[in-house]
Chemist: 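Pasting in a structure now, in structure tokens, and then I'll have a few things to ask.
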Amino acid sequence: KVVLTALILSNAISSTALSLRKVFIKSNSARHSLSPIADELHGWDSNFGQVFIDNYWQKRPLLVRQAFPNITDVIKLTKASCCVISNHPDVETRIYTKVHGKTEKVYGPFDEDLIDKISNPLMKNWTMLIQEVDRHIPQVADLWQSYFSFIPRWRRDDIMISYSTEGGGIGAHVDNYDVFLLQGSGSREWAIEHSYLTDKEEKMRELRNSDTRLLRDFSCDQRWTMAAGDLLYLPPRIPHRGVTLASHEDCTTISFGFRAPNYKTMLTAFWEEVTGPSYVDPSRLFHSDIDSDGKTAPLFDRSAGLITQSVIESMESKLEKMVSDPLRDSSVFNRWLCKHLTAPLRYSRWTTKPFFIENKINDDKKSEKQDSDFSLCLNDDEEDGDYVDDDDDEEEDFSPLFLQSPYRMATTELFDSAEDVLTKVLAGEFTLRRCEGVRMAYSTQAFYADGEEFPFPGTRDGAVLGSVLCDHNVIDRQLLCTVDEHITSHSRSSAELRFLAGLVRSGYFYPVKIIN
């Protein structure tokens with residue numbers, strides 16, 4: 001067994017009240033045009049979302065002083081907890097160190113020598129990045145809704161946490177996505193250039209002999225020293241650099257990354273979809289494609305190297321039809337787009353399974369807790385807050401890292417079926433929580449999760465059901481009953497209930513116990 005030290009979350013997200021502060025805009029007026037020059041505000045009003053979208057989203061950088069001053073009460077991260085979490089193979093981590101002015105990168109899981117090296121309090125100039133923390137820790141996943149509910153869910157990529165010592169940082173670089181950099185602890189200097197780099201410009205300025213895409217000749221046009229609770233928003237393609245400053249505590253930064261899909265990538269993906277294995281090409285180069293167009297010499301008198309105008313026009317017409325027909329068919333494009341926007345950008349090595357449903361094959365283990373699933377479940381008997389992982393190399397399934405909070409926890413009860421889970425949810429004994437990291441969206445016809453399509457039952461508009469599933473991290477009896485009047489604790493046969501049972505059976509939701 002591998003003993004894991006958990007992230008210490010002192011207060012549940014739901015109990016954290018954001019301070020409502022008046023926003024002071026230092027610029028003379030709101031700017032709607034594209035600009036790489038940052039504005040600076042103080043305080044993040046809960047009603048500021050629309051102002052931000054109108055004036056800053058993908059337009060210009062923004063620094064917000066004390067946007068979320070209570071962040072230190074929400075999440076506390078230690079060096080030890082970062083090291084142990086990074087050792088699981090499904091957690092994507094990297095360590096950057098500076099050696100003789102050069103940045104070196106190592107991917108996790110890390111060997112003991114490197115862990116011992118960075119554990120030395122005198123070791124400086126290193127940074128650890130932990131990707132997709134929201135997929136592993138429920139309370140971190142809740143930060144999306146607490147802080148950025150005004151941005152559509154399908155835009156969300158991941159929440160990354162960095163832990164660094166004095167002098168630590170990756171180096172100057174650009175990102176292809178929108179990012180909010182929230183200072184969690186310690187202090188860090190952030191600097192930006194007043195420019196938007198194109199791909200070509202980035203390649204021209206790439207640092208040579210580096211395994212990370214870093215920029216040389218970085219120009220520091222604006223810089224700030226950020227303290228806990230400060231927030232910096234950067235649109236895509238703005239060069240930036242962060243360096244950890246000396247402080248009485250090490251530096252943590254919580255990065256909220258939002259997808260910024262470009263149309264070139266989408267066009268390529270859509271073309272692959274419409275010409276994939278299921279596509280049947282109705283035609284090849286028929287006789288009409290090479291026959292005489294009636295205006296030139298007979299076929300046997302032509303040059304063998306001539307591509308006639310009739311061939312060009314014929315092929316152009318066919319290719320245009322191949323591209324335009326799927327786009328004109330709204331049902332084809334709509335379904336593809338919803339699947340594309342919810343498809344995960346990273347794939348875990350394990351597939352999520354409903355760890356709470358009894359495995360009928362192993363009836364003799366009916367009363368045993370399924371410890372073979374990797375999970376972080378707080379054990380009340382462990383006073384030091386350590387976590388236990390039964391590491392079974394032959395286990396291919398993976399369940400998220402569940403962490404108990406004062407308000408709810410993943411249940412250790414085993415259920416006979418997904419229908420049994422829903423029956424107890426409808427009876428008020430449990431609530432359903434969406435599985436961390438699953439990307440969900442819906443149209444009026446179908447529900448989408450991680451790129452998979454689930455048509456809504458019947459012919460009714462699925463907006464109500466889709467809203468319940470996608471707009472709430474936790475679904476209780478009251479929310480379920482708003483879906484349809486036939487869903488009650490006494491009915492297990494409605495089409496909606498069977499639909500929900502299928503999602504639970506697939507592992508997209510899991511039952512949680514209300515404690516407080």
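Only a predicted model underlies this, so the values are computations on that prediction, with no experimental measurement involved. What you see below is based on every heavy atom in this structure, not just the backbone, and it leaves out hydrogens, waters and symmetry mates.
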Chemist: Name all pairs fulfilling the salt bridge (charged side-chain N to carboxylate O under 4.0 Å, His left out) condition that reach into residues 94-107, sequence neighbours left out, sorted by first residue then second.
Modeler: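 Non-adjacent pairs meeting salt bridge (charged side-chain N to carboxylate O under 4.0 Å, His left out): E92-R94.
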Chemist: Among K59, R65, R60, exactly one meets salt bridge (Lys or Arg N to Asp or Glu O under 4.0 Å) together with D39. Which residue is that?
Modeler: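 Only match with D39 under salt bridge (Lys or Arg N to Asp or Glu O under 4.0 Å): R60.
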Chemist: Can you tell me how the ring of W336 sits relative to the ring of F333, calling it parallel under 30°, perpendicular over 60° and tilted otherwise?
Modeler: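 If you compare the ring of W336 with that of F333, the planes turn out tilted.
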Chemist: Is a side-chain donor-acceptor pair under 3.5 Å present for H194 with Q222?
Modeler: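 Judged by distance alone, the side chains do pair up.
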Chemist: Around R156, counting heavy atoms of other residues, nucleotides and ligands shown, do more than 12 lie under 6.0 Å from its CZ?
Modeler: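 Correct, the count exceeds 12.
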Chemist: Between S467 and D471, does any side-chain donor sit less than 3.5 Å from a side-chain acceptor?
Modeler: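 D471 and S467 do have a side-chain donor-acceptor pair below 3.5 Å.
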Chemist: If the plane angle is over 60° it's perpendicular, under 30° parallel, otherwise tilted; pick one for F148 and F258.
Modeler: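 Plane angle over 60°, so perpendicular.
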Chemist: If you count heavy atoms of other groups shown closer than 6.0 angstrom to CD of E112, is the number above 12?
Modeler: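 Incorrect, the count does not exceed 12.
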Chemist: Verify whether one side chain among H136 and D90 offers a donor that lies under 3.5 Å from an acceptor in the other.
Modeler: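 H136 vs D90: no donor-acceptor pair found between side chains.
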Chemist: Would you say CE of M204 has more than 12 non-hydrogen atoms from neighbouring residues, nucleotides or ligands within 6.0 angstrom?
Modeler: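 No, the 6.0 Å shell around CE holds no more than 12 heavy atoms from other groups.
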Chemist: Is it the case that the side chains of S86 and T93 hold a donor-acceptor pair, with the cut-off being a distance below 3.5 Å and no angle test?
Modeler: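 No pair is found: no donor N or O on one side chain lies under 3.5 Å from an acceptor on the other.
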Chemist: Rounded to the nearest 0.5 Å, how far does CG of D111 lie from NZ of K117?
Modeler: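 One gets 10.5 Å once the value is rounded to the nearest 0.5 Å.
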Chemist: Testing the 3.5 Å rule here: is there a donor-acceptor pair between the side chains of Q66 and D230?
Modeler: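 Yes, D230 and Q66 have a side-chain donor paired with an acceptor closer than 3.5 Å.
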Chemist: Should the pair W144 and F256 be assigned to parallel (<30°), tilted (30 to 60°) or perpendicular (>60°) ring geometry?
Modeler: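 Plane angle over 60°, so perpendicular.
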Chemist: Over 60° means perpendicular and under 30° means parallel, so tell me whether F180 and W57 are parallel, tilted or perpendicular.
Modeler: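 Answer is parallel, since the angle falls under 30°.
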Chemist: What's the verdict on ring pair (Phe, Tyr, Trp, His ring centres under 6.0 Å) for Y508 and F454, showing C-alpha distance, side-chain angles and the deciding distance?
Modeler: CA-CA 12 Å; Y508 293 122; F454 301 87; 5.7 Å; yes
Chemist: Can a side-chain donor-acceptor contact be found between Y177 and R259 if the only test is distance below 3.5 angstrom?
Modeler: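 No.
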